[in-house]
Amino acid sequence: MASPRAPRGMHDTLPEDADLWRFIRDTAERVARLYDYRQITTPIVEDAAVFLHTAGDESDIVRKEVYLFEDRGGDALALRPEGTAAVCRAYLEHGMASRPQPVRLFYFGPFFRYDRPQAGRYRQLWQFGVEAIGTDSPAADAELIDLQLTLYGELGLTDLSLRINSIGTAETRRAFGKVLERHFLPHLGTLSTDSRRRFETNILRILDSKEDAQHEAVLSAPSILDHLSAEDRAHFEAVQRHLGDLGIAYAIDPRIVRGLDYYARTVWEVEPPDAVGQSTIGAGGRYDGLMEALGGPATPAVGFATGIERIALNMRERGLAPGGPAEERAPDVVTIPLGERGPAAAARAARLLRDAGVAVRSGLPGRSMRAAMRAADASGARYALIVGDAEADAGTVVLKPLRGDDPDDTEQRTVPAGDLGALATGLRV
RNA sequence: GUGGGUGUGGCCUAGCGGUUAAGGCGUCAGGUUGUGGCCCUGAAGAUCGGGGGUUCAAAUCCCCUCACCCACCCCA
């Protein structure tokens with residue numbers, strides 16, 4: 001019988017990865033707070049309607065990616081595929097409309113999409129997301145982009161490129177859809193089956209197709225930017241003005257469409273320069289239509305999400321990841337208990353040191369001193385604390401420097417066990 | 001969901017039809033009595049992803065399946 005493995009597309013995060021993940025998470029939360037955003041944590045499971053009624057029937061998320069299940073009570077639940085709709089559900093549920101607007105929120109956690117795994121694409125993925133809910137100000141769009149790029153910069157990812165677009169309001173897109181229908185109708189025969197389906201369901205997404213990217217009809221298609229309403233255009237121009245004021249470089253890419261239907265006006269994506277495959281590190285946009293789709297009052301909002309695995313991937317590629325094997329977190333001290341009474345005395349000594357904030361690995365009794373010393377050395381600890389019967393009887397411990405990094409502290413010395421607390425400062429890294 | 005590649009002890013790799021599947025790293029234990037890092041010795045650990053087939057004989061050939069990787073799709 002084969003042993004169980006982690007589910008397909010889902011992965012363990014091992015101790016050697018933990019330093020990098022903690023660094024990314026801490027940096028993300030710190031940057032979010034610098035912009036006065038506060039954390040919200042929502043359930044990993046939601047009423048399926050939260051996602052099914054908001055994402056849009058033609059979105060991949062609804063078509064094939066949501067993990068759906070029925071609980072024992074018969075309720076239709078979903079493993080959350082994305083964060084925005086869940087945060088908005090919480091916004092409505094807790095009456096956050098009566099807080100000062102916009103409400104600035106961030107989240108960090110796992111999401112689930114039933115997709116075919118490949119590099120950078122997983123069935124359980126972690127995202128950091130930031131939302132500003134309750135404002136239609138283009139300054140908020142720019143603030144989110146600024147926050148996102150600042151985060152990447154703090155992580156050392158300084159060579160990423162930002163592409164932005166405006167897809168107008170739902171009304172604008174309806175009108176533009178008519179224009180596209182007239183444009184693509186004569187070409188239906190030569191477009192891919194995928195595009196033909198999109199023609200019926202969500203015609204804008206034909207522009208987003210890679211299959212037909214070089215199709216003459218796609219290349220010659222009208223740009224939504226030429227069909228924005230006056231308000232849409234003013235909003236988009238204001239976003240660009242704010243980005244300029246912030247010194248943020250960007251490219252306008254009219255082909256960015258977004259998979260989710262609740263987006264409106266500004267949308268953006270951030271990619272590494274050598275963008276191929278699953279390369280988008282983070283993406284965002286304005287979703288003025290989402291609250292209504294959830295049954296709430298019209299509430300403009302904007303936000304972004306970024307994939308932790310993809311950040312980690314890019315940091316590793318650039319050699320930016322902290323905590324390689326040499327840097328792994330080592331204890332300050334390893335105890336080496338010997339003989340009959342050594343183990344008890346070593347345990348007391350370890351307690352004293354830990355109380356003083358020193359990280360102590362308790363060596364297990366019963367090993368030869370040679371083996372114990374080898375293990376202590378391999379741990380990377382700066383000191384070995386040897387406690388045998390002689391020390392236990394005398395109320396002392398032997399403190400032995402292992403690293404030789406301090407020229408004034410290379411000889412092992414015998415000290416009273418009671419002095420360990422006072423010595424602690426010198427033992428901590 | 002579609003197409004292609006890969007799959008040998010914890011990790012990396014050799015073997016690519018023929019006796020008990022080899023090496024490196026790692027792990028554990030020793031190298032005389034309570035002292036590490038180098039070195040030496042030894043041990044544990046793989047029925048070669050799983051299942052089926054071809055053959056006197058398969059890790060080595062064929063089929064199925066699973067997982068991972070790559071591309072598409074889509075996006076984080």
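Here is the naming used below: chain letters follow the sequence lines, and residue numbers restart at 1 for every chain.
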Steps toward salt bridge (charged side-chain N to carboxylate O under 4.0 Å, His left out) verdict (A:D409, A:K400): CA-CA 9 Å; A:D409 185 22; A:K400 179 182 174 69; over 6 Å; no

Just call it for [X]: base, sugar-phosphate, or nothing, with non-hydrogen atoms closer than 4.0 Å on any strand.
| X | result |
| --- | --- |
| A:Q124 | nothing |
| A:G284 | nothing |
| A:I281 | sugar-phosphate |

Side-chain N or O of A:S368 closer than 4.0 Å to phosphate OP1/OP2 of B:G30: yes

Once hydrogens and angles are ignored, does a donor-acceptor distance under 3.5 Å link the base of [N] to the side chain of [X]?
| X | N | value |
| --- | --- | --- |
| A:R121 | B:A76 | no |
| A:R116 | B:C68 | no |
| A:Q412 | B:G36 | no |
| A:R370 | B:G34 | no |

Salt bridge present between A:D17 and A:R22 (N-O < 4.0 angstrom): no

SB check A:R265 A:D136 (cutoff 4.0 Å):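 Salt bridge between A:R265 and A:D136, a charged N being under 4.0 Å from a carboxylate O: no.
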
A:E131 CD - B:A76 P separation (whole Å): 12 Å

Plane angle bin for A:Y114 and A:Y67 - parallel if under 30°, tilted between 30 and 60°, otherwise perpendicular: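 A:Y67 and A:Y114: perpendicular rings.
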
